[in-house]
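One structure below.
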Protein chains: 2
Amino acid sequence: MRKVDPERQQAKRRQIMEAAGDCFARRGFHATTTAEICAAAGMSPGNLFHYFDSKSAIIEAIVDEERRDAADYFATLEDAPDLFEALLGFLDVVMAFAADKAYARLALEIAAEAARNPTVGAMTAASDAETRAAIAALLRRAVARGQVDAQLDPAQAASWIAALIDGVFSRLAIDASFEPEREAPMLRLIVSRFLKPGSAA
Amino acid sequence: MRKVDPERQQAKRRQIMEAAGDCFARRGFHATTTAEICAAAGMSPGNLFHYFDSKSAIIEAIVDEERRDAADYFATLEDAPDLFEALLGFLDVVMAFAADKAYARLALEIAAEAARNPTVGAMTAASDAETRAAIAALLRRAVARGQVDAQLDPAQAASWIAALIDGVFSRLAIDASFEPEREAPMLRLIVSRFLKPGSAA
């Protein structure tokens with residue numbers, strides 16, 4: 001029996017996920033065939049199934065990687081000197097992803113599949129809950145430092161920041177004139193006015 | 001040839017749209033059969049096709065009715081004494097709809113179908129553009145009266161209010177703990193802080 005090299009295995013999986021992500025963004029998740037994914041990844045169908053059982057397993061792996069990437073990102077903010085600016089920086093990153101048409105299309109494909117496929121739905125919900133918890137934790141620390149309005153419930157405020165991010169991707173689907181590059185400063189403004197201590201109303 | 005009574009015709013169409021909307025919300029647009037819609041509407045399949053050519057035609061009629069309802073709603077705000085409060089009242093109405101589980105599920109079905117079906121997609125985009133234009137017009141008048149920050153571009157601010165509304169429906173799909181009844185005051189707060197003249201940041 002051939003020994004499995006975990007690093008090589010991981011690199012191969014990532015290569016497939018990237019090729020599949022491109023296909024899903026371009027053609028839609030359901031319209032994409034495993035043959036197309038294999039062609040894009042430059043491998044034989046038999047070989048693909050060594051790494052993923054199904055097309056659904058690939059999208060699940062993409063959701064899980066996004067979840068881990070987000071967790072890693074928030075871990076780097078632990079020592080940020082200005083937590084408020086750290087949160088706004090996160091929103092800039094989200095808007096940069098939204099400006100990437102392939103990424104935005106893949107995000108919408110994942111959301112659609114989450115509604116149809118309970119496994120993808122549960123993973124997406126878990127990832128979303130984890131990101132909201134990370135934002136809430138950041139807000140809690142920012143409140144303690146007087147950088148965020150103490151009247152706000154951090155978990156609830158985090159939900160609304162998540163709603164704004166969801167809203168950006170919905171805008172991309174429905175409104176061709178919505179340009180993330182141009183809108184990024186507006187997201188900063190809305191969240192700043194929402195969270196700053198001493199905000200009115 | 002039997003004479004068509006336009007009012008009766010319209011009442012019958014509305015009856016079918018309501019029955020179909022319930023089915024779509026409960027079972028999903030694609031899983032719903034025309035036989036189920038007929039049973040729910042209490043009519044024979046042959047009779048249904050006098051009113052709608054297809055299942056898609058029914059969802060198109062629902063989108064069009066929503067568009068007209070929204071236009072009628074904004075027309076009633078023309079003479080509102082406090083335009084700012086009128087906008088917040090509109091957001092309360094949106095949150096009341098979001099709290100209606102059947103309505104929220106139907107909204108998500110329509111959004112999903114808009115992504116798959118170009119006709120539904122174009123109608124949804126047109127309806128969205130019309131609502132954004134109505135919000136922008138209201139904001140423009142509110143700016144003139146000093147009720148909204150004159151630094152904001154009304155069309156851009158309207159896009160972000162639309163993004164927040166989209167975000168509410170996305171939250172309902174992904175986060176079981178998001179309760180519109182509880183969140184309605186928060187949407188008011190976010191939009192107030194965003195728009196009020198003299199807001200910081």
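Here the structure is a predicted model, which means the values were calculated and not measured. To find a chain, count down the sequence lines: A is the first, B the second, and so on, and within it residues start at 1.
- Contact of B/A125 with chain A is made through backbone and side chain together, with heavy-atom distances under 4.5 Å.
- For A/L187, the parts lying near chain B are the backbone and the side chain together; criterion is any non-hydrogen pair under 4.5 Å.
- Side-chain contact check for A/Q147 and A/E85: no donor-acceptor pair (N or O, by modelled atom type) lies under 3.5 Å.
- Using a 4.5 Å cut-off between heavy atoms, B/A112 does not touch chain A at all.
- B/F97 CZ: 12 or fewer foreign heavy atoms inside a 6.0 Å radius.
- Using a 4.5 Å heavy-atom cutoff, the side chains of A/L195 and A/D149 are not in contact.
- In terms of non-hydrogen atom pairs under 4.5 Å with chain A, the most contact-rich of B/A114, B/S170, B/A176, B/S177 is B/S170.
- Remark: the backbone N or O of A/H30 is paired with a side-chain donor or acceptor of A/K55 at under 3.5 angstrom.
- Within the 4.5 angstrom heavy-atom criterion, only backbone atoms of A/R182 (N, CA, C, O) approach chain B.
- Interface remark: A/A162 contributes backbone and side-chain atoms alike to the contact with chain B (heavy atom separation under 4.5 Å).
- The number of heavy atoms from other shown groups lying within 6.0 Å of CD (A/E181) is above 12.
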